[in-house]
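Heads up: the structure comes next, in structure tokens.
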Number of protein chains: 2
Amino acid sequence: MKQSLFPQHDHDHSDCTSNLMKFADLYCQQAGLRLTKLRRTVLEKVAASHKAIGAYQILDNLAADGQKLAPISVYRSLDFLQEAGLIHRLESTNSYFACQRNFDDDLTNNNPISLNKCSETSPLVFLICDNCGAIGEVEGASIEPLIETVANSEKFKVKHSQLEIKGTCTSCQASS
Amino acid sequence: MKQSLFPQHDHDHSDCTSNLMKFADLYCQQAGLRLTKLRRTVLEKVAASHKAIGAYQILDNLAADGQKLAPISVYRSLDFLQEAGLIHRLESTNSYFACQRNFDDDLTNNNPISLNKCSETSPLVFLICDNCGAIGEVEGASIEPLIETVANSEKFKVKHSQLEIKGTCTSCQASS
DNA sequence: CTGCTATATGAAACAATATTACAATAGTTG
DNA sequence: CAACTATTGTAATATTGTTTCATATAGCAG
């Protein structure tokens, strides 16, 4: 059963985070990646909402928890998490959000963890609500052929692509 | 006759700039926009190559010409030019490049200037060479239906979208 | 277990990018 | 010209990200 991409503003977010963290643990274990304490904490902060969060917000957030870090520590964790495909970076706002697409099926169906679904090999497509800040990540496969067509016509060799779509999400349209 | 999106590295760029500046002058006049001396100078700097240029590069560049400005002056001009659709901003690299699409047909065919072709109403699509830095801007209309489909399925109301495709351009593939 | 090595984190300074707030000037309109 | 709006100047400051070098810790070979 398919979840809505943009959950209600008042939904119970604890399921989202716990599923995500569960997946992250399993995934890193299987992939031989080290989800250290720091990296895990940073991921928790990023996954704390469906909005994108800035590096310095994470920093402040951790400081409030008593964990005072240098910016570089956060950036290093973010780099790791992004590399692992667990989070994405919104280029237009210099901020980060958790990838939800990895585990939506897997965990509920008790499927084996499929590694790196959101890998760099297929286009990243994000719907960004400029009202509430929520991000919805969309399957990029559908635009891939189109990108290939465009690229081929210019003999351009594609390595990576990211599509950021800004507008208003369902929840915000409803509550306006 | 269609120009290549990625001209040879050693092409004569003076045609590119002079066409672009000619268009900018006509366009702003017709649209009632004031292409002031400063804005025009900034546009010349941006249009000086097919690569994207950073705000502080422009600043340094102008300083070298004897014109010492504060960052804000450059940013204000960039904002104006972007608003006018004469330049675009690469989100992934915090840099700016000139829109070539406006005048490729118009000037050569002696057509009347068509205002604001690259307006925010249709998706922006850029091919970005990570070797030489050249940018090729592509007609975004072809991906528009796809974006609409995705958005509609989530009841998301689209305002603006930008697709940044990274890879290697023709010229760089040839010379490697 | 011991030491070796690779990986990860800490700490401080700094670089790059962008904005705020307010004053001065230029251009436009009545 | 007077009043008004748009543009630019000036200075300070905010935000985002990196370099460099030192220290610690995990994983592994002997």
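Convention: sequence-line order gives letters A, B, ...; per-chain numbering from 1. Predicted model, so just to flag it, every value in this text is computed and none were measured.
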Centres of the H11(B) and H9(B) rings: under 6.0 Å? no
Residue closer to the 5' end of DNA chain C, S77(A) versus R89(B) (nearest nucleotide): S77(A)
Rounding to an integer number of Å, can you tell me how far L69(A) CG sits from dT9(C) C1'? 9 Å
Answer yes or no: does a side-chain N or O of R39(B) lie under 4.0 Å from OP1 or OP2 of dT8(D)? yes
Between C1' on dT8(D) and CZ on F80(B), what's the gap in Å once rounded to a whole number? 14 Å
Within the structure shown, what part of the strands sits under 4.0 Å from L38(B) by heavy-atom distance: base, sugar-phosphate, or nothing? sugar-phosphate
Going by the angle between their ring planes, with limits at 30° and 60°, are F97(B) and H88(B) parallel, tilted or perpendicular? tilted
Donor-acceptor side-chain pairing of T168(B) and Q173(B) below 3.5 angstrom: no
Please report the distance, rounded to the nearest Å, between CZ in R34(A) and P in dT9(C). 7 Å
Transitively linked via ILVMFWY side-chain contacts under 4.5 Å: L38(B) with V74(B)? yes
Of R76(B) and Q67(A), the one whose closest nucleotide on DNA chain C sits nearer the 5' end is Q67(A)
Can you check whether S73(A) has a side-chain N or O nearer than 4.0 Å to OP1 or OP2 of dT9(C)? no
Taking CG from L78(A) and C1' from dT16(D), how many angstroms apart are they, rounded to a whole number? 12 Å
Polar side-chain contact Y56(B)-dA18(C) base: donor and acceptor under 3.5 Å: yes
Taking atom types as modelled, find out whether K157(B) and T170(A) have a side-chain donor-acceptor pair closer than 3.5 angstrom. no
For atom CD of Q57(A) and atom C1' of dA14(D), their distance in whole Å: 14 Å
On the nucleotide dG17(D), are OP1 or OP2 found under 4.0 Å from the side-chain N or O atoms that Y75(A) carries? yes
Would you tell me if any nitrogen or oxygen in the side chain of N94(A) comes within less than 4.0 Å of OP1 or OP2 on dT15(D)? no
Expressed as a whole number of angstroms, how long is the span from L33(A):CG to dA8(C):C1'? 14 Å
Interatomic distance where CG belongs to L90(B) and P belongs to dA18(C) [whole Å]: 12 Å
Closest of dA18(C), dT10(D), dT19(D) to the I72(B) side chain is dT10(D)
Under-4.0 Å side-chain N/O to phosphate OP1/OP2 contact, T36(B) with dT8(D): yes
Quickly work out the D79(A) CG to dG17(D) P distance and round it to whole Å. 10 Å
